[in-house]
Amino acid sequence: MNFIKRAGITLWARKGRTILLMITASVILMFVMAGLIIQNAALTSAKTATNSVGSTVTLSQNREKMQKQMSSATSSSNQKPTFTQATTTVTKVKKIAALSNVASYNISTSTSVNASGFNGVSTTSSSNQNGMGGQIFGNSSSSGNIQVNGVSTTAGSSSFSDNTAKIISGRGIKTSDENKNNVVIESELATANNLKVGDSIKVADSSDSSKKTSVKIVGIYKAKTTTNGFSRQDPSNTIYASYTLSNQLAGTEGRVSNVTYTMSDPSKTQAFTKAAKKILNDSDMTLTSDAAAYKAAAKQMKGVASFASKIVWVVAIAGVLILGLIILLITRERRREIGILVSLGETKMKVVAQLFTELLIVLAVALGIATAAGTAVSGPISNSLVQQQQSSQQSAMSQGAPGGGMNKSGGQGQGNRAPMNGGGMRMAGTAGKMTNINTVLTPGAIAELGGMAILIALLSVSGAGITILRMKPKKILQAD
């Protein structure tokens, strides 16, 4: 009779012990499986989360250099220094955007104009208007009562990507709107002036009312933000257009001062910044990367994966010790059986192979149970680990962050100004989000668990195997 057949007969004959072994092995493999699922899912989520959070590089004026020049000019002259906004060419911007790691980019410009033939919306404080806003005011304003935010696309603007603004009619601004006079206006402005998609309106230069430009409404958006009563400019008076139209109205054609590049692979942000600086070659402009959100998401998921890996090895080692001890005790009980088999001419290696086969059959059944229950167990464990990582990071941030809590809009009275909506403004909102782990059972996890089960079986039987190889059949039978 071969040892495989004997293993089956032995397991069937000793059903109680076999069931006990299967339960023990199932519990061990279940936690090993949960650890493997969490580990694999965390690593996958780390990649997915960092890509979705992304990393942005903002091209803007070198404020540090500007402040130094301002200080120097103030100390050498009693007059208040004036400076021109530093810009770069659209050609350089698009050349940088052509680099390999750029997923998308958005040019942001801003200017103010006066309404011509329609009225802007004015929201006054509740003390003056009994809480009633949305009043209409005239066109007289030296700085312009309508703000034009120029963008490459509204979809790439932080106001729309953060859902603080949403298109409710028509469409947003697209790259195809470059060099076209298409605009998207706010719903309150449209309602106050009975405007709809397809209508045309005129805007006048804020310093020369005779210079008027006709623009076509291609979309209407709804802004969630409202004025706080202290801001002179109502958010409803912000219209979006292509940056080319904004530049045309401002008289700065072909030049921009604020661009946000979104990286396709956040880990290559540094290499992109280095290459972009060579193309830019302008000390008045600076490239600032915002990889904080990316690093936070990566650290969070890698921490979970690391802890899950420790769970796998701790449970595996504990499993080897537990099953090894059980097999060793079973071997001592079966000394007479082993002695008879060896006396009848069976080799000791085949006796060890029988024990290994018995445990392998038990582990095969346990593998099926662990596979079925592993996903259910891994879900609550992974959620607990993510919450723990999130709490640790928030605690570290609250202790290490500098004082002062700037709001998301970038300061009071900024409204929806596009240039202020760089990559850094979105980090605060992202840091508070919890990255979820999607624990899914994969063929790779099952294969890993199968390999781990075989390793556990080999190590567990090795102790009993050494004992069997040292046994002397004659002494065993004489002792019994």
Side-chain angles (χ1 to χ4, degrees), residues 90 104 106-123 133-141 144-206 208-227 233-253 256 415-419 421:
V90 175
S104 63
N106 200 46
I107 297 173
S108 301
T109 60
S110 182
T111 188
S112 63
V113 293
N114 278 322
S116 178
F118 69 100
N119 295 298
V121 176
S122 172
T123 302
Q135 303 298 318
I136 297 176
F137 67 79
N139 303 346
S140 60
S141 174
N145 56 22
I146 300 295
Q147 180 173 307
V148 180
N149 282 352
V151 294
S152 298
T153 63
T154 46
S157 171
S158 62
S159 294
F160 288 86
S161 61
D162 291 346
N163 292 321
T164 54
K166 183 180 180 181
I167 299 292
I168 59 173
S169 180
R171 64 173 178 83
I173 298 298
K174 302 178 180 179
T175 53
S176 59
D177 289 312
E178 287 186 14
N179 301 312
K180 295 179 182 177
N181 292 4
N182 294 333
V183 298
V184 175
I185 67 172
E186 212 279 327
S187 59
E188 285 190 25
L189 182 64
T191 302
N193 293 278
N194 295 317
L195 298 172
K196 62 182 183 299
V197 173
D199 289 347
S200 292
I201 56 175
K202 288 184 179 181
V203 292
D205 191 294
S206 59
D208 186 355
S209 59
S210 64
K211 293 181 180 179
K212 297 180 180 180
T213 303
S214 179
V215 296
K216 182 181 179 181
I217 301 171
V218 296
I220 297 173
Y221 75 94
K222 177 70 176 175
K224 292 183 181 178
T225 54
T226 57
T227 184
Q233 183 72 37
D234 191 288
S236 299
N237 294 323
T238 300
I239 68 175
Y240 286 86
S242 173
Y243 70 91
T244 55
L245 177 58
S246 175
N247 282 350
Q248 178 188 329
L249 295 171
T252 57
E253 290 92 335
V256 293
N416 291 334
R417 295 193 63 181
N421 292 334

Side-chain contact test, heavy atoms from C-beta onward, threshold under 4.5 Å: evaluate it for [X] versus [Y] and give yes or no.
X	Y	result
T213	L249	yes
L245	N181	yes
Y240	S157	yes
I146	F118	yes
F160	V151	no
I201	L195	yes
V203	S116	no
I239	V184	no

Tell me whether [X] contacts the main-chain N or O of [Y] through its side chain, where contact means a donor paired with an acceptor under 3.5 Å.
X	Y	answer
T164	S159	yes
T154	G172	no
D205	K211	no

Salt bridge check: are K196 and D199 linked by an N-O gap of less than 4.0 Å?
-> yes
Are D177 and R171 ion-paired here, with the side-chain N under 4.0 Å from a carboxylate O?
-> yes
To the closest 0.5 Å, what do you measure between [atom1] ([X]) and [atom2] ([Y])?
X	Y	atom1	atom2	result
I168	I220	CD1	CD1	6.5 Å
N182	I217	CG	CD1	10.5 Å
Q147	E186	CD	CD	13.0 Å
T111	Q248	OG1	CD	11.0 Å

Side chains of N149 and T238: is there a donor and an acceptor less than 3.5 Å apart?
-> no
Would you tell me whether D208 and S210 have side-chain atoms, one donor and one acceptor, within less than 3.5 Å of each other?
-> yes
Working for side chain to side chain contact (heavy atoms under 4.5 Å, CB included), residues Y243 and E178 | CA-CA 7 Å; Y243 70 91; E178 287 186 14; 3.4 Å; yes
